[in-house]
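Each remark here refers to the structure printed beneath this line.
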Amino acid sequence: MSQGTQLHWQRAVVKSRRAAADEIAEIVLAGERPLFTEPGAHIDVRIAPDMVRSYSVVEGAVDGSWVKIGVRRSPTSRGGSRFMHALEPGDHLEVTSPLQNFPLRVGAPRYVLLAGGVGITAIHSMARVLKRLGADYQLIFVGRSRPAMAFLDELHREHGPRLRLSVDDEGDVLDVKGLLGQVDHSTEFYMCGPIRLMDAVRRAWIERELPMPNLRYETFGNSGWFDPEEFELRIRGSERHTVVSPDESILEALERVGVEAMYDCRKGECGLCVVKAEQLNGVIDHRDVFFSEAEKSTDTKLCVCVSRVASCANSAGAGAEDSASTRATLTLDFP
Ligand code: FES
């Protein structure tokens with residue numbers, strides 16, 4: 001029953017790896033066939049036979065001879081980002097050609113690009129193309145601290161006054177409503193970053209009654225409202241159950257125990273993986289952009305590719321010890 005998009009894999013070799021910021025590696029890959037890319041594209045990398053990760057293409061050679069990606073090391077990495085950060089020049093791995101589901105539409109009178117943290121990897125190439133086209137754009141880059149923000153020097157060089165930084169530890173918190181106050185109905189807005197930031201923009205966008213097709217975003221599906229924690233997963237009417245670890249998605253846990261689930265994007269965008277929550281002890285940490293706020297608030301369905309469950313202790317801000325003693329549980333109801 002499970003089918004992802006048909007992908008064409010090829011071997012690639014690592015040309016270089018360097019630190020682009022604290023915990024973010026810039027990796028340049030060359031494929032055995034040309035890797036032609038465009039703004040907003042990503043590649044999938046096979047980390048292990050049952051583990052695939054998507055990374056935005058920061059830049060690519062015009063002749064397709066290389067692509068550059070940026071990878072943030074996740075503190076809970078079970079292999080994905082840890083594997084990528086350990087790559088050395090000359091290492092081989094399997095990748096797809098650049099895939100596109102965050103296209104830049106050229107020709108708009110004005111653009112706002114918003115990147116949060118490692119989200120700059122998806123936005124960087126868009127800004128470069130807009131600059132080349134002579135478009136009217138503003139690039140806003142939000143981060144915890146300057147050392148944690150990748151590609152800062154080149155962004156400054158390339159975009160000068162069109163780049164605006166918002167750095168948390170400098171007390172400069174982005175005023176989302178203020179930002180959207182300057183957006184008009186013909187502005188196209190592209191964003192990629194943590195779900196809290198994107199959610200704030202989406203709410204302000206709706207409040208201002210701006211046209212929804214002009215708001216475009218890329219998700220990572222790995223940032224949520226609560227810290228990831230382990231929880232118990234059960235399937236209604238089945239003996240099969242397992243514990244989902246903090247660095248594993250429900251979809252991956254289902255695959256691990258041999259339960260087939262539908263999926264496509266694996267990023268909380270398409271809704272193909274939606275499953276009913278039959279029983280819930282805890283709260284659903286909805287990390288998708290598929291459901292509306294009203295649908296999320298009912299806690300009856302979730303996108304198993306990205307969404308998780310948090311114990312009430314976690315959601316109330318309790319300590320780790322309390323959380324361990326009150327592990328959340330979720331029973332899924334497959335049709
Ligand atoms: S597979 Fe697309 S939302 Fe989960």
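In listed order, ligands and their atoms are each counted from 1. Both backbone and side-chain heavy atoms feed into the values below; hydrogens, waters and symmetry mates do not.
Atom 3 (S) of ligand 1 has its nearest heavy-atom neighbour, among Ser307, Ala261, Ser249, Gly271, in Gly271.
In summary, Cys270 places no N/O/S atom under 2.8 Å from atom 4 (Fe) of ligand 1, failing the contact criterion. Taking backbone and side-chain atoms together, Cys273 has no N/O/S atom less than 2.8 Å away from atom 2 (Fe) of ligand 1. Within the coordination shell of atom 4 (Fe) of ligand 1, defined by N, O or S atoms under 2.8 Å, Cys305 is present.
Gln100 and Glu38 form a side-chain donor-acceptor contact under 3.5 Å, judged by distance and modelled atom types alone.
Linking Ile, Leu, Val, Met, Phe, Trp and Tyr residues whenever their side-chain heavy atoms come within less than 4.5 Å places Leu302 and Val259 in a single cluster.
With respect to Arg240 and Glu255, no salt bridge is recorded, no charged nitrogen being found less than 4.0 Å from a carboxylate O.
Proximity of Phe231 to Ile250: side-chain heavy atoms (C-beta onward) are separated by under 4.5 Å at one or more points.
Figure legend: cation-pi geometry between Arg216 and Phe189 absent, as NZ or CZ is not positioned both under 6.0 Å from the six-membered ring centre and within 45° of its axis.
The atoms of ligand 1 that sit less than 4.0 Å from any heavy atom of Glu269 are 3 (S). Distances below 4.0 Å separate heavy atoms of Arg266 from the following atoms of ligand 1: 1 (S), 2 (Fe). Every atom of ligand 1 with a heavy atom of Gly268 under 4.0 Å away is listed here by number and element: 3 (S).
Remark: distances from the non-hydrogen atoms of Asp264 to ligand 1 include one below 4.0 Å.
For the ring-ring contact (aromatic ring centres under 6.0 Å, His included) criterion with Phe151, the lone passing option out of His156, His124, His159 is His124.
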